[in-house]
Structure formats: structure tokens, C-alpha cells
Amino acid sequence: MRNGIPNLSALQAFEATARLGSFSRAAEELALTHSAVYRQVASLEARLGVQLFTRVRRRIVLTDHGAEYAGRIRHHLDQIEKDTFGLVSRTGMGRSIHVAVVPTLATTWLIPRLADFQRLQPDITVSLSVRTLPFQFKDQPFDAALYHGDGLWPGTQGVLLFPERELVPVCAPHLAEGGKRPRAGALALPHLHLSSRPDAWRHWYEANQLPYGPSAAGGPRYELFTMVMAAVQAGLGVGLIPRFLAQPALDAGMLAMPVPQALAVEQGYYFGYPRRDERSEALKVFETWLKSTAATP
């Protein structure tokens with residue numbers, strides 16, 4: 001023990017047992033014996049003076065205190081793993097990079113294209129984690145970030161991958177009546193909002209010199225563009241979606257624009273990383289591939 005902190009082996013044994021619900025399965029995952037894992041957990045309980053599991057015949061069940069502690073320990077072990085991964089990649093000890101991404105761009109644009117990068121660079125591992133707000137790289141285990149914004153974050157360097165250009169109103173085809181719905185009818189649809197862009201619909205109305213009333217402002221809020229897209233496709237209303245995300249569904253007839261007016265936006269999608277003297281070779285290769293991919297129609 002150091003400063004009252006249990007040793008890491010005991011915490012790993014406890015977390016694995018709590019997550020898997022079995023000493024035997026935890027032992028298999030940790031490459032230890034059943035008795036070794038049992039002793040680690042028992043010593044942890046003795047050290048803490050708290051019963052973490054209730055043992056009933058061959059079954060074990062987390063106590064309330066055990067469940068709470070397991071969740072906290074799992075979070076800290078995950079963070080240690082991420083910090084270690086980030087250190088290894090940043091010091092060039094491995095051909096791997098860890099990138100923070102905004103979720104919708106990652107799932108709809110980046111991940112479908114990563115197979116091409118893997119084919120070209122099979123020795124580089126790219127891991128992704130979701131971040132929706134700006135952060136300080138020194139506080140996070142990331143080599144780079146792919147994010148939406150007005151420009152590069154302070155203290156970073158990088159590149160604008162592509163501008164967002166415009167948001168377009170989209171709804172389910174049957175709600176648009178084949179794209180011929182009168183403007184008044186289109187605007188009577190429930191308006192779906194993105195939580196991180198609460199004023200998008202207001203700006204759309206202002207750009208088109210239309211009154212922005214309570215019915216438009218009072219629609220449901222969703223955290224991600226993918227949620228807005230799913231809600232639109234389910235016929236829940238009309239949403240404002242970046243054209244490059246909506247265009248494939250528009251071309252396929254899965255979505256329709258009830259009115260033709262779009263909202264011009266100045267923001268774009270950036271790839272940025274800390275301003276350092278030297279980047280890892282893996283990060284340089286990934287940035288070059290990203291720029292080439294973004295430039296391909």
C-alpha cells in the first residue's frame with residue numbers, strides 16, 4: 001500500500017470479478033489462477049473493511065458498496081489505460097495514434113473510410129474516442145482531434161479538412177409530399193433541434209426573413225446529428241442537417257427537402273494536434289491521408 005491506495009493487482013482482480021461476475025472468468029482474463037484472484041479480492045475487502053461481494057454457494061453478487069466502488073475503479077483503470085496508450089504513441093514507441101472525434105462525423109464519414117487507411121498502412125493502429133467539446137491536449141491522452149469549429153484551437157496546429165458550407169432542411173419523403181409541399185405546410189412540421197447548435201433554426205428563419213415563433217422553437221432537442229437524422233427518417237419532423245451528411249439519403253430518396261432554402265454556415269471540420277517540435281511519424285502519415293481523403297469528392 002502507498003498512501004492508503006490498494007495495489008493495482010488487487011484493484012484489477014476486483015474490477016474484473018465485478019464486471020464478469022465470476023472469480024474463474026476474471027482469472028481467465030487476467031491469466032491468473034482462481035485462488036489468486038480470490039485472495040486478491042479477499043485481501044482488498046480486508047484492507048478496506050468493506051464487504052464488496054455477497055457469496056451465496058458458488059454465486060457472487062456485488063453489494064451496494066461494491067457496485068459503487070467497482071464503477072469508480074473501472075473508470076480509473078480505463079483512464080490509466082488511455083494515459084499509457086497516449087504516452088506510448090506520443091513517444092514514438094509504437095505505430096499507433098489516439099484521436100478524439102465528434103461522433104457523427106466519425107460514424108458517417110471517417111470510420112467508413114478507415115478501411116482504406118488500414119489497407120495502405122496496416123502497421124498503424126488508429127483508436128477513436130468521442131469528445132464533443134474543446135479540451136486541452138495536456139489534460140487528455142490524445143494525439144489529435146477531429147472536430148467542428150470556427151478554426152484551429154489555441155496552442156494547436158493542423159488543417160481545415162473541409163468546410164461545412166450549409167445546413168439543409170430535411171424530412172421524411174411522405175411529409176414533404178414529393179418535395180411540393182407549400183412553404184406554410186413545411187414550416188408547420190415539428191422542428192427538430194441539435195442541442196449543440198440551439199440557434200440553427202433561428203438563424204435559418206432570419207436568413208429567410210421569416211418570423212421565428214414558439215412552434216418552431218419548441219421542438220425536441222437531440223444530442224447528435226445521427227439522432228436528428230434518425231428522428232427525421234422516422235417521420236418525427238424536419239431537421240437542419242449538414243448537406244454533405246444528408247446528400248446520400250436525399251439522393252437515395254430516403255429524405256426530402258420540404259423547402260429549398262439552405263442555411264449558409266462558416267464553420268468547418270478541422271484536424272488539429274498540439275504545437276510541438278516533432279510529431280510522430282504515424283500522426284504525419286494519418287494527417288496526409290486525411291487531407292487526401294477529404295479532398296476526394
Side-chain angles (χ1 to χ4, degrees), residues 75-165 167 194-197 223-227 229 241-245 265-297:
H75 168 76
H76 292 304
L77 290 176
D78 286 345
Q79 189 61 49
I80 290 172
E81 183 178 48
K82 291 178 181 179
D83 290 342
T84 303
F85 183 93
L87 176 63
V88 169
S89 63
R90 289 179 181 179
T91 55
M93 294 171 61
R95 296 271 289 178
S96 59
I97 55 176
H98 194 181
V99 182
V101 295
V102 285
T104 298
L105 188 70
T107 56
T108 61
W109 185 83
L110 177 59
I111 291 177
R113 291 166 171 79
L114 272 181
D116 176 61
F117 180 77
Q118 191 67 56
R119 178 181 58 82
L120 296 171
Q121 304 292 337
D123 62 325
I124 298 179
T125 300
V126 180
S127 296
L128 306 176
S129 293
V130 169
R131 290 293 185 277
T132 56
L133 297 174
F135 58 84
Q136 294 288 332
F137 277 99
K138 64 182 178 62
D139 299 328
Q140 300 288 336
F142 301 121
D143 300 289
L146 203 168
Y147 57 92
H148 175 269
D150 297 301
L152 290 171
W153 294 340
T156 69
Q157 57 186 339
V159 62
L160 170 66
L161 291 179
F162 49 84
E164 193 169 59
R165 300 191 188 283
L167 304 179
L194 185 70
S195 299
S196 59
R197 304 195 198 185
E223 188 173 1
L224 305 175
F225 269 131
T226 49
M227 294 179 178
M229 288 272 283
I241 305 290
R243 183 180 286 278
F244 81 95
L245 292 178
V265 293
E266 297 180 355
Q267 295 84 5
Y269 292 90
Y270 291 81
F271 182 69
Y273 39 84
R275 189 177 290 129
R276 295 194 182 99
D277 293 335
E278 186 62 33
R279 289 172 289 145
S280 71
E281 185 62 28
L283 185 58
K284 293 178 182 178
V285 170
F286 187 65
E287 181 184 19
T288 298
W289 173 81
L290 268 181
K291 291 190 290 188
S292 174
T293 301
T296 301

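Both backbone and side-chain heavy atoms feed into the values below; hydrogens, waters and symmetry mates do not.
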**Q** Between H98 (side chain only) and P141 (backbone N and O only), is there a donor and an acceptor less than 3.5 Å apart?
**A**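 Yes.
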**Q** For a quick test of reading the model, state the closest non-hydrogen atom pair linking P163 to L160 and the distance between them.
**A**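 That closest heavy-atom pairing would be N-CD1, 4.3 Å.
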**Q** Is the CD atom of E223 crowded by more than 12 outside heavy atoms at less than 6.0 Å?
**A**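 No - once you tally the heavy atoms of other residues, nucleotides and ligands closer than 6.0 Å, there are 12 at most.
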**Q** Considering all heavy atoms of both residues, which atom of S129 and which atom of F142 are nearest to each other, and what is their separation?
**A**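 That would be CB-CE2, 3.6 Å.
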**Q** Is there side-chain contact between P274 and T156, with at least one heavy-atom pair below 4.5 Å?
**A** no
**Q** Measure the shortest side-chain to side-chain distance between F117 and V285 over non-hydrogen atoms and say whether it is less than 4.5 angstrom.
**A** yes
**Q** So how far is it from T104 OG1 to H148 NE2, rounded to the nearest 0.5 Å?
**A** 11.0 Å
**Q** Starting at CD of E287, measure out to CD of Q157 and round the result to the nearest 0.5 Å.
**A**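 That separation rounds to 8.0 Å.
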**Q** Just one of L114, L146, I97 clears the side chain to side chain contact (heavy atoms under 4.5 Å, CB included) bar with L128, so which one?
**A**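 The option that passes is L114.
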**Q** Could you tell me the separation between the CG atom of L290 and the CZ atom of R113, rounded to the nearest 0.5 Å?
**A**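 The distance works out to 10.5 Å.
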**Q** Under the 3.5 angstrom rule, does the side chain of T107 hit a backbone N or O of P103 as a donor-acceptor pair?
**A**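 It does hold such a pair.
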**Q** Roughly how far, to the nearest 0.5 Å, is the CG atom of D123 from the CD atom of Q118?
**A**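 Between Q118 CD and D123 CG, I get 9.0 Å after rounding to 0.5 Å.
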**Q** Kindly give the heavy-atom pair with the smallest separation between P112 and A106, and that separation in Å.
**A**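 Closest pair (atom of P112, atom of A106, distance): CD-O, 4.0 Å.
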**Q** Under a 3.5 Å distance rule, please check whether Y270 uses its side chain to pair with a backbone N or O of D150 as donor and acceptor.
**A** yes
**Q** What's the separation between atom CG in L105 and atom CG in L245, rounded to the nearest 0.5 Å?
**A**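 Here the rounded value is 7.0 Å.
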**Q** Taking the side chain as every heavy atom from C-beta outward, state whether Y273 and D143 have any pair of such atoms under 4.5 Å apart.
**A** no
**Q** Does S292 reach the main-chain N or O of T288 with its side chain, forming a donor-acceptor pair under 3.5 Å?
**A**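 Not a single qualifying donor-acceptor pair exists.
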**Q** Pick one: which of Y269, F271, W153 meets side chain to side chain contact (heavy atoms under 4.5 Å, CB included) with Y147?
**A**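 Only one option passes, and that is W153.
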**Q** Nearest 0.5 Å, please: how far is NE2 in H75 from CD1 in I80?
**A** 10.0 Å
**Q** Given side chains that start at C-beta, do those of V101 and W109 come closer than 4.5 Å, heavy atoms only?
**A**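 Answer no - side chains too far apart.
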**Q** Please report the C-alpha distance between D116 and W289 in whole Å, then the side-chain angles of each, then the deciding distance to 0.1 Å, and finally whether the side-chain contact (heavy atoms from CB on, under 4.5 Å) criterion is met.
**A** CA-CA 9 Å; D116 176 61; W289 173 81; 2.9 Å; yes
**Q** So do F286 and R279 actually touch side chain to side chain, heavy atoms under 4.5 Å?
**A** no
**Q** Got M229 and T108 here, is their nearest side-chain heavy-atom distance under 4.5 Å?
**A** no
**Q** Flag yes if more than 12 heavy atoms outside R131 fall under 6.0 Å of its CZ atom; otherwise flag no.
**A**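 For R131, atom CZ is crowded (more than 12 foreign heavy atoms under 6.0 Å).
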